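Note that ligands are numbered from 1 as they come in the structure, with each ligand's atoms numbered from 1 the same way. Just so it is clear, the structure is predicted and the values come from calculations on it, not from any experiment.
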Amino acid sequence: MNGLKRGALIVVEGVDRSGKSTQCRKLVESLKARNVNAALVTFPDRTTSTGGLIDKYLKQETHLCDEAIHLMFTANRWEKKAEMERLLKQGVTLVVDRYSYSGIVYSSVKKNMSVKWCQEPENGLLKPDLVLLLVLSEAEMVKRPNYGSEIYENREMQEKVAQAFRDLSEREKWEVVSADGGVEDVHKELLDKVIKKVSQVGTQPLHTLNFSS
Ligand code: T5A
Ligand code: NA
């Protein structure tokens with residue numbers, strides 16, 4: 001490296017309606033207000049060619065078999081890898097709304113695909129410096145605006161996803177943050193962790209994901 005400090009790759013994960021998009025937007029705003037160069041990245045990115053197909057699948061306007069949609073979500077991340085790497089190396093901190101972990105968790109709870117099979121195509125994508133898991137309690141989950149009509153927006157699926165995220169967070173030692181508080185309380189907790197990480201990454205090299213089991 002040329003001594004230029006790179007940006008941090010920050011990922012926010014959690015079940016549907018845990019407040020990820022709200023929090024990611026606020027994190028970018030607060031970082032910018034502190035003169036930290038930051039940008040928002042969202043997965044799935046519904047604006048790309050694979051994203052258009054994913055959007056139709058989620059809205060149940062088209063059908064794809066489980067394996068095919070899994071690979072579409074992964075391809076949607078691969079499409080953005082080069083741009084993300086370029087921005088990080090230019091010193092831009094990326095706040096990422098869902099990433100490979102959503103890909104692995106939502107697909108593998110369907111049971112017909114093993115975790116190992118789901119992980120494989122994610123290997124080689126950029127490895128986050130920090131993963132923040134938003135955890136929503138049962139009591140709070142029922143208070144959030146109703147699920148919409150997208151394909152995974154049902155209680156049974158979300159409970160399986162919540163459990164899979166909890167298991168993964170223990171194994172990978174993520175930062176777990178309660179999503180039950182008000183928007184500002186959750187934001188403050190996340191921002192503290194993000195600012196600490198941004199100041200730590202400095203000139204550290206970027207790594208890639210390497211799931212092995
Ligand atoms: N998926 C995704 C895969 O299967 N594989 C993959 O690889 C990827 C990347 C769409 C689906 O795709 C699946 C997972 C999903 O099922 P999406 O586009 O991220 O993924 O989903 P969205 O519908 O856009 O977002 P979510 O449903 O996940 O919601 P968020 O972003 O967690 O929540 P947010 O911020 O939009 O807030 C939801 C509501 O709650 C309120 C908000 O105002 C909003 O109304 N709210 C709060 N209310 C009270 N207290 C708080 N603290 C609140 N924070 C937010
Ligand atoms: Na969202």
With heavy atoms of [X] as the reference, note each atom of ligand 1 found under 4.0 Å away.
X: Thr22; answer: 34 (P), 35 (O), 37 (O), 55 (C)
X: Gly181; answer: 50 (N), 51 (C), 52 (N)
X: Val183; answer: 51 (C), 52 (N), 53 (C), 54 (N)

(message) Please tell me if atom 17 (P) of ligand 1 is touched by the protein, where touching means a protein heavy-atom distance below 4.0 Å.
(response) yes
(message) Closer than 4.0 Å and a protein heavy atom, does any atom meet both conditions relative to atom 40 (O) of ligand 1?
(response) yes
(message) Measuring only between side-chain heavy atoms, which start at C-beta, is Lys80 closer than 4.5 Å to Phe43?
(response) yes
(request) Would you list the pairs meeting salt bridge (charged side-chain N to carboxylate O under 4.0 Å, His left out) in which at least one residue belongs to residues 49-65, sequence neighbours left out? (result) Arg46-Asp55, Asp55-Lys59
Side chains of residues 176-183: which donor-acceptor pairs under 3.5 Å do they make with residues two or more places apart or in other chains?
{"residue": "Ser178", "atom": "OG", "partner": "Asp180", "partner atom": "N", "Å": "3.2"}
{"residue": "Asp180", "atom": "OD1", "partner": "Ser137", "partner atom": "N", "Å": "3.0"}
{"residue": "Asp180", "atom": "OD1", "partner": "Ser137", "partner atom": "OG", "Å": "3.4"}
{"residue": "Asp180", "atom": "OD2", "partner": "Ser137", "partner atom": "OG", "Å": "2.7"}

(request) Nearest heavy atom to atom 9 (C) of ligand 1 wins, so pick from Arg77, Gln158, Gln23. (result) Arg77
For [atom], closest protein heavy-atom neighbour:
atom: atom 45 (O) of ligand 1; result: Pro145 CG, 3.4 Å
atom: atom 11 (C) of ligand 1; result: Leu58 CD2, 3.7 Å
atom: atom 27 (O) of ligand 1; result: Arg17 NH1, 2.5 Å

(message) If I apply the N/O under 3.5 Å rule, does Arg98 come out as touching ligand 1?
(response) yes
(request) Compute the shortest N/O to N/O distance between Lys20 and ligand 1 and return yes if it is under 3.5 Å, no if not. (result) yes
Donor-acceptor pairs are to be reported for all side-chain atoms of residues 8-19 against protein atoms at under 3.5 Å, with residues two or more places apart or in another chain.
{"residue": "Glu13", "atom": "OE1", "partner": "Ser102", "partner atom": "OG", "Å": "2.5"}
{"residue": "Glu13", "atom": "OE2", "partner": "Tyr99", "partner atom": "N", "Å": "2.9"}
{"residue": "Glu13", "atom": "OE2", "partner": "Ser102", "partner atom": "N", "Å": "3.0"}
{"residue": "Asp16", "atom": "OD1", "partner": "Arg98", "partner atom": "NH2", "Å": "3.1"}
{"residue": "Asp16", "atom": "OD1", "partner": "Tyr106", "partner atom": "OH", "Å": "2.5"}
{"residue": "Asp16", "atom": "OD1", "partner": "Gln158", "partner atom": "NE2", "Å": "3.2"}
{"residue": "Arg17", "atom": "NH2", "partner": "Glu153", "partner atom": "OE2", "Å": "3.2"}
{"residue": "Ser18", "atom": "OG", "partner": "Val15", "partner atom": "O", "Å": "2.7"}

(message) Hydrogens and angles aside, do Gln163 and Lys160 bring a side-chain donor and acceptor to less than 3.5 Å of each other?
(response) no
(request) Starting from the Na ion (ligand 2), count all protein N, O or S atoms within a radius below 3.0 Å. (result) 1
